[in-house]
Amino acid sequence: MKNIFLPFILILLFSCNTKAQDNKHEANTKEGSKFPISKTDAEWKEILTPNEYAVLRKAATERPFTSELLENKQTGTYVCAACATPLFRSEDKFKSGTGWPSFDRAIKGNVAYGVDNKIGVPRDEEHCAKCGGHLGHVFDDGPRETTGKRHCINGVALNFVPDEK
């Protein structure tokens with residue numbers, strides 16, 4: 001029985017080792033990337049907090065329900081925490097119940113998209129169109145009365161700028 005069980009376990013372990021588990025976020029870590037705002041890895045580490053760096057530059061995900069911006073109800077603009085590019089407006093924010101700030105639309109031209117295969121299933125990844133910082137993912141389960149989209153964004157990737165009165 002042991003002779004049959006061991007090869008099965010080895011096959012299972014090696015079949016789970018894929019490039020999808022590679023934690024590199026290529027577009028964000030290459031020096032001289034295709035984004036208008038480009039810095040070296042060392043420069044990003046110097047200007048970002050450790051949590052911002054992990055999310056924006058290495059495509060990590062913050063824990064749900066930990067963002068200070070989750071319950072923010074002020075009127076204003078959510079900007080990229082790395083380069084201050086305006087990304088989302090407060091009137092497009094909605095409570096999704098997922099634990100991350102969610103928006104039904106992005107500011108046109110300031111959010112770019114790619115495919116993320118890290119969990120073994122392709123997802124539509126969002127990143128800042130100016131610096132390439134990883135923001136989160138967009139899904140088709142948002143409010144049907146608007147766009148039907150849910151931009152599920154890591155709060156640590158955003159700063160909030162309130163509207164002037």
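- A donor-acceptor pair is defined here as one N or O able to donate and one able to accept, closer than 3.5 Å; such a pair exists between the side chain of Ser102 and the backbone of Trp100.
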*Which is it for Glu71 and Lys95 under the salt bridge (charged side-chain N to carboxylate O under 4.0 Å, His left out) test, yes or no, and what are the steps along the way?*
CA-CA 8 Å; Glu71 299 297 328; Lys95 191 169 189 158; 3.8 Å; yes
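- None of Asn154, Thr61, Asp116 except one satisfies the side-chain hydrogen bond (donor to acceptor under 3.5 Å, both in side chains) rule with His137; the exception is Asp116.
- Neither Leu87 nor Val161 shares a network with the other; the hydrophobic side chains, linked directly or stepwise wherever heavy atoms of I, L, V, M, F, W or Y lie under 4.5 Å apart, form separate groups for each.
- In summary, the side chains of Arg105 and Thr147 do not present any donor paired with an acceptor at a separation below 3.5 Å, with no hydrogens or angles considered.
- For the side-chain hydrogen bond (donor to acceptor under 3.5 Å, both in side chains) criterion with Lys149, the lone passing option out of Asp141, Asp140, Asp104 is Asp140.
- In this structure a side-chain-to-backbone donor-acceptor pair under 3.5 Å is present from Lys93 to Asn72.
- Phe103 and Val138 fall within a single hydrophobic cluster, where Ile, Leu, Val, Met, Phe, Trp and Tyr are joined by side-chain heavy atoms under 4.5 Å apart, directly or via other members.
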*Go through Tyr113 and His127 one step at a time and tell me if the ring-ring contact (aromatic ring centres under 6.0 Å, His included) criterion holds.*
CA-CA 6 Å; Tyr113 304 90; His127 53 270; 7.7 Å; no
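- Listed for the Thr66 side chain is a donor-acceptor partner under 3.5 Å among the backbone atoms of Arg63.
- Note that SG of Cys152 and CD of Glu126 are 9.0 Å apart. Values are rounded to the nearest 0.5 Å.
- Lys45 contributes no side-chain N or O that, together with a main-chain N or O of Thr40, makes up a donor-acceptor pair within less than 3.5 Å.
- Put simply, the side chain of Lys118 gets close to the backbone of Ala59: a donor and an acceptor are under 3.5 Å apart.
- Here the two rings, on Tyr78 and Phe88, have centers that are 6.0 Å apart or farther.
- Of all non-hydrogen atoms in Leu56 and Cys80, the two that sit nearest each other are CD2-SG, 4.4 Å.
- With rounding to the nearest 0.5 Å, the separation of CH2 in Trp44 from CZ in Arg57 is 4.5 Å.
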